[in-house]
Amino acid sequence: MTVTIGTRTLGDAHPTYVIAEIGLNHNGSVEIAKELIDVAAAAGADAVKFQKRTPEISTPEHMRDVPRETPWGTMTYLEYRYRVEFGRDEYLEIGAHAAERGVDWFASPWDEPSVAFLEDLDVVAHKVASASLTDDGLLAALRETGKPIILSTGMSTMEQIDRAVDLLGTENLVLLHATSTYPMPAEEANLRMIPTLKDRFAGVPVGYSGHERGLAISFAAVALGAAAVERHITLDRGMWGSDHAASIEPTELAALVAGIRDIEPALGDGIKRVFPGELAPMAKLRRVGAGAAV
Ligand SMILES: C=C(OP(=O)(O)O)C(=O)O
């Protein structure tokens, strides 16, 4: 089974769909968001992703009044959430910029009104953040859209994943294996979940959403069959904000995409054959023995 997002097709035998997760790393600035889109396009990523919230709905009650030091002064956590949220006009500008650069754009809506907000902007797909995997109302609203849905599976049990997949249906679904530790230590990567999810949800493309430092684990995810790779990106890991430290910088994103494109043709089809390039070394090095004719 394949899933088509924009002009790209995801699934076995198709290129890995690389998602540059901007998330909140734009720090509320459309200019930074556009710079990050430029970075993603220059690196050869397929899509940029944002996070869309209705802060008074998606901010947990106990967090709302917690004071937060920000570059814009001390404010409550709820005020900060509003400060970094883009409205319709800003997303129209962002969407136009992504289209100009040839990359898909979409977002993870964190509440039901945000689904309607993104639908109005005619996004090509929706993402479900790991934190939202058990939000039945959100999943039902997303299924209603009929758009491709990319479901992240961090901080979840297999039973919760089964239920979310039941609610979303497998028709237009991409699963992402994820561990929601920021930054994620290698011991928590559990990359063999990629083949486990592929076996359990036959035909559903399975990818990887990474929060580790460096690129090696994401490359290994591709070697294990990931149909998509999502990584947080930032202009500079030293920037203010909670996700920058677990993000990759522009040169790393370029290296990630280039490395993935090198790995893809190397994976082959698993059928043993003698390649033309091996014939000369074989003629030179192999002693002819009883097994040669087999
Ligand atoms: C947090 C998100 O995703 P993940 O769970 O894949 O990190 C998101 O998409 O907003």
Side-chain angles (χ1 to χ4, degrees), residues 5 10 16-28 33 36 40 45-55 57-60 63 81 84-86 91 94 104-115 117-118 123-135 138-139 141-142 145 147-157 160-161 164-165 168 173-185 188-191 193-194 197 204-213 217-218 221 226-234 241-248 253 256:
I5 298 180
L10 283 80
T16 313
Y17 188 73
V18 180
I19 306 166
E21 158 71 315
I22 293 174
L24 296 180
N25 282 352
H26 50 70
N27 285 2
L36 286 165
D46 298 290
V48 290
K49 198 201 134 284
F50 293 86
Q51 299 181 6
K52 181 62 193 157
R53 291 176 173 82
T54 311
I57 299 176
S58 64
T59 308
M63 288 296 295
R81 279 290 171 191
V84 293
E85 206 54 58
F86 289 144
Y91 270 117
I94 283 166
D104 294 334
W105 86 272
F106 53 90
S108 46
W110 285 63
D111 48 72
E112 292 168 50
S114 294
V115 177
F117 175 93
L118 292 166
V123 287
V124 290
H126 293 286
K127 161 90 190 286
V128 182
S130 300
S132 306
L133 181 138
T134 54
D135 187 336
L138 179 69
L139 302 189
L142 285 169
T145 69
K147 295 267 171 73
I149 294 168
I150 302 169
L151 172 68
S152 251
T153 56
M155 60 175 93
S156 306
T157 64
Q160 290 169 332
I161 297 171
V165 171
L168 290 170
L173 182 68
V174 177
L175 290 170
L176 298 185
H177 165 57
T179 299
S180 305
T181 312
Y182 297 74
M184 181 199 69
E188 295 188 7
N190 197 13
L191 288 183
M193 270 306 296
I194 293 169
L197 289 171
V204 174
V206 175
Y208 170 69
S209 174
H211 306 111
E212 70 274 17
R213 292 207 165 97
I217 293 173
S218 293
V229 168
E230 177 179 309
R231 294 293 305 268
H232 286 256
I233 62 164
T234 178
S242 50
D243 286 348
H244 292 279
S247 300
I248 55 175
L253 180 65
L256 176 73

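All values below were derived from every heavy atom in this structure, side-chain atoms included, with hydrogens, water molecules and symmetry-related copies excluded. Whatever order the structure lists ligands and atoms in, that order sets their numbers, starting from 1.
Checked options Val165, Leu168, Ile194, Ile150; the residue passing with Leu175 is Val165 (criterion: side-chain contact (heavy atoms from CB on, under 4.5 Å)). With Glu230 as the fixed residue, the side-chain hydrogen bond (donor to acceptor under 3.5 Å, both in side chains) test singles out one of Lys127, His211, Lys49: Lys127.
The shell of residues lying under 4.0 angstrom from ligand 1, judged by heavy atoms, excludes Met155. At least one heavy atom of Tyr182 sits closer than 4.0 Å to an atom of ligand 1.
Atom 3 (O) of ligand 1 has as its closest protein heavy atom Lys127 NZ, 2.9 Å. Annotation: atom 6 (O) of ligand 1 to nearest protein heavy atom, Ser152 OG, 2.5 Å. Here the heavy atom of the protein found nearest to atom 7 (O) of ligand 1 is His211 NE2, 2.7 Å. For atom 2 (C) of ligand 1, the nearest non-hydrogen atom of the protein is Ala129 CB, 3.4 Å. At the top of the distance list for atom 10 (O) of ligand 1, counting protein heavy atoms only, stands Ser108 OG, 2.7 Å.
For ligand 1, the polar-atom distance check finds no N/O of Ser180 at less than 3.5 Å from any of the ligand's N/O atoms.
Side-chain atoms of Asp135 and Ser132 include no donor-acceptor pair closer than 3.5 Å. There is a side-chain donor-acceptor pair under 3.5 Å between Thr181 and Glu188. Remark: the Asn27 side chain and the His244 side chain contain an N/O donor-acceptor pair separated by less than 3.5 Å.
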query: Should Leu138 and Asp111 be marked as a side chain to side chain contact (heavy atoms under 4.5 Å, CB included) after you check the CA-CA gap, both sets of side-chain angles, and the distance that decides it?
result: CA-CA 6 Å; Leu138 179 69; Asp111 48 72; 5.5 Å; no

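Counting the atoms of ligand 1 from 1 in the order shown, those under 4.0 Å from a heavy atom of Glu21 are 8 (C), 9 (O), 10 (O). Against a heavy-atom cut-off of under 4.0 Å, Ser209 is close to the following atoms of ligand 1: 4 (P), 6 (O), 7 (O). If you number the atoms of ligand 1 from 1 as listed, the ones under 4.0 Å from a heavy atom of Trp110 come out as 1 (C), 10 (O).
Of all the heavy atoms of Ser130, the ones lying under 4.0 Å from any atom of ligand 1 are found in both the backbone and the side chain.
One N or O on the side chain of Thr153 and one on the backbone of Leu176 form a donor-acceptor pair closer than 3.5 Å. Although no hydrogens or angles enter the test, the distance criterion places no donor-acceptor pair under 3.5 Å between the side chain of Glu85 and the main chain of Thr54.
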